[in-house]
Amino acid sequence: MSNIQILVGSTLGGTEYVAEAIQPLIEEAGFDSEIQFEPDLNSLSLQSEQVWLICLSTHGAGDYPDNFKPFVEQLQQVNAAISDVKYGIIGIGDSSYDTFCEAAKNIDYLLEEMAAVRVGDRLEVDVMDYPTPEDRVLDWIPSWIEDLTQIVEN
Ligand SMILES: Cc1cc2nc3c(=O)[nH]c(=O)nc-3n(C[C@H](O)[C@H](O)[C@H](O)COP(=O)(O)O)c2cc1C
């Protein structure tokens, strides 16, 4: 059974709660998982099949949170396709910014360019609608797990 690496990018800590809220559902579905609060590409193999679930808020004017920037820089230095990586994206943002969930969009585009395979649709949670973003994410995660299970089984 696949191991899911839950990679967190957060400035104020809210997205860390999202990661912690979804982990039990992932484990109940039979997947092992680890939460990485300081994602580091060196601790993730690019050569073997693996699944990343990225939980990422947006800060500044469409920027990545500081704790996530080194990971993005590491990815940008990889000069190869990473087609063994499957990933899901949960973006947390605020629609009062023009750059709503821009970090989540940008990491999605980067991974797509690198030939990683996205599982399910990118989720964008607006904290204007969901002041506790876990509420929305917990509704969405079962369908993502279903999508992943189908891919892993095939
Ligand atoms: C200074 C600041 C800048 C922000 N910039 C954006 C932005 O450009 N786009 C967006 O969608 N949300 C933006 N947000 C909203 C945050 O993404 C949102 O509050 C999120 O819940 C923060 O998650 P975190 O607690 O994990 O950092 C910003 C929030 C702050 C405080």
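Any value given below was found using the heavy atoms of this structure, including those in side chains, with hydrogens, waters and symmetry copies removed.
The CD atom of Glu34 sits 11.5 Å away from the CD1 atom of Ile4 when rounded to the nearest 0.5 Å. Rounding to the nearest 0.5 Å places CG of Leu148 at 9.5 Å from CD1 of Ile141. Atom OG1 of Thr99 sits about 11.0 Å away from atom NE2 of His59, to the nearest 0.5 Å.
Side chain of Lys105 to main chain of Phe100: a donor-acceptor pair is present (N/O by atom type, distance under 3.5 Å, no hydrogens or angles). Under a 3.5 Å cut-off, the side chain of Gln74 and the backbone N or O of Leu41 do form a donor-acceptor pair. Checking side-chain atoms of Thr15 against main-chain N and O of Leu56 turns up no donor-acceptor pair under 3.5 Å.
Ala19 meets the side chain to side chain contact (heavy atoms under 4.5 Å, CB included) test with Ile6, Val8, Ile35, Cys55; sequence neighbours excluded. With sequence neighbours excluded, no residue forms a side chain to side chain donor-acceptor pair (under 3.5 Å) with Ser143. By the side chain to side chain donor-acceptor pair (under 3.5 Å) test, Gln23 is found to be paired with Ser33, residues two or more places apart in sequence or in another chain being considered. Applying the side chain to side chain donor-acceptor pair (under 3.5 Å) criterion to Glu146, with sequence neighbours excluded, gives no partner residue. For Asp40, there are no salt bridge (Lys or Arg N to Asp or Glu O under 4.0 Å) partners at least two apart in sequence or on another chain. For the side chain to side chain donor-acceptor pair (under 3.5 Å) test, no residue two or more places apart in sequence or in another chain qualifies with Ser43. Here Phe71 pairs with Trp52, Phe68 under the ring-ring contact (aromatic ring centres under 6.0 Å, His included) rule; sequence neighbours left out.
Looking at every heavy atom in both residues, Pro24 comes nearest to Ala21 through CD-O, 3.3 Å. Here the shortest heavy-atom pairing between Val125 and Pro133 reads CG1-CB, 3.9 Å. Listed here is the closest heavy atom pair of Gly93 and Cys101: N-SG, 3.6 Å. In terms of heavy atoms, Ala104 sits closest to Gly91 at CB-CA, 3.6 Å.
Counting heavy atoms from C-beta on, the side chains of Leu7 and Leu53 never come closer than 4.5 Å. No side-chain heavy atom of Val85 sits under 4.5 Å from any side-chain heavy atom of Leu44.
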Using a 3.5 Å cut-off and no angle test, enumerate the donor-acceptor pairs between side-chain atoms of residues 106-118 and protein atoms at least two apart in sequence or in another chain.
| residue | atom | partner | partner atom | Å |
| --- | --- | --- | --- | --- |
| Asn106 | ND2 | Glu102 | O | 3.3 |
| Asp108 | OD1 | Tyr87 | OH | 2.7 |
| Asp108 | OD1 | Arg118 | NH1 | 3.4 |
| Asp108 | OD2 | Arg118 | NH1 | 2.9 |
| Asp108 | OD2 | Arg122 | NH1 | 2.8 |
| Arg118 | NE | Gly120 | O | 2.8 |

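A salt bridge (Lys or Arg N to Asp or Glu O under 4.0 Å) check over residues 64-77, counting only residues at least two apart or in different chains, returns the pairs Asp66-Lys69. Among residues at least two apart or in separate chains, salt bridge (Lys or Arg N to Asp or Glu O under 4.0 Å) pairs with a member in residues 77-88 are Glu49-Lys86. Evaluation of the salt bridge (Lys or Arg N to Asp or Glu O under 4.0 Å) test over residues 16-27, restricted to residues two or more places apart or in two chains, returns none. Pairs engaging residues 126-141 under the side chain to side chain donor-acceptor pair (under 3.5 Å) rule: Ser95-Asp126 [sequence neighbours left out].
Follow the hydrophobic side-chain contacts under 4.5 Å out from Ile92 and you never reach Tyr97; the two are in separate clusters. Clustering ILVMFWY residues whenever any of their side-chain heavy atoms sit less than 4.5 angstrom apart, transitively, puts Phe37 in a cluster other than the one holding Tyr17. Under a hydrophobic clustering in which Ile, Leu, Val, Met, Phe, Trp and Tyr are joined whenever their side-chain heavy atoms come within less than 4.5 Å, directly or via other members, Val119 and Val152 fall into the same cluster. Residues Val18 and Met128 do not share a hydrophobic cluster, defined by chaining ILVMFWY side chains whose heavy atoms lie under 4.5 Å apart.
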> Between Leu138 and Ile22, does a side chain to side chain contact (heavy atoms under 4.5 Å, CB included) hold up when you go through it step by step?
Replying inline: CA-CA 6 Å; Leu138 288 173; Ile22 58 180; 4.2 Å; yes
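Within 6.0 Å of the CG atom in Asn79, the count of heavy atoms belonging to other residues, nucleotides or ligands does not exceed 12.
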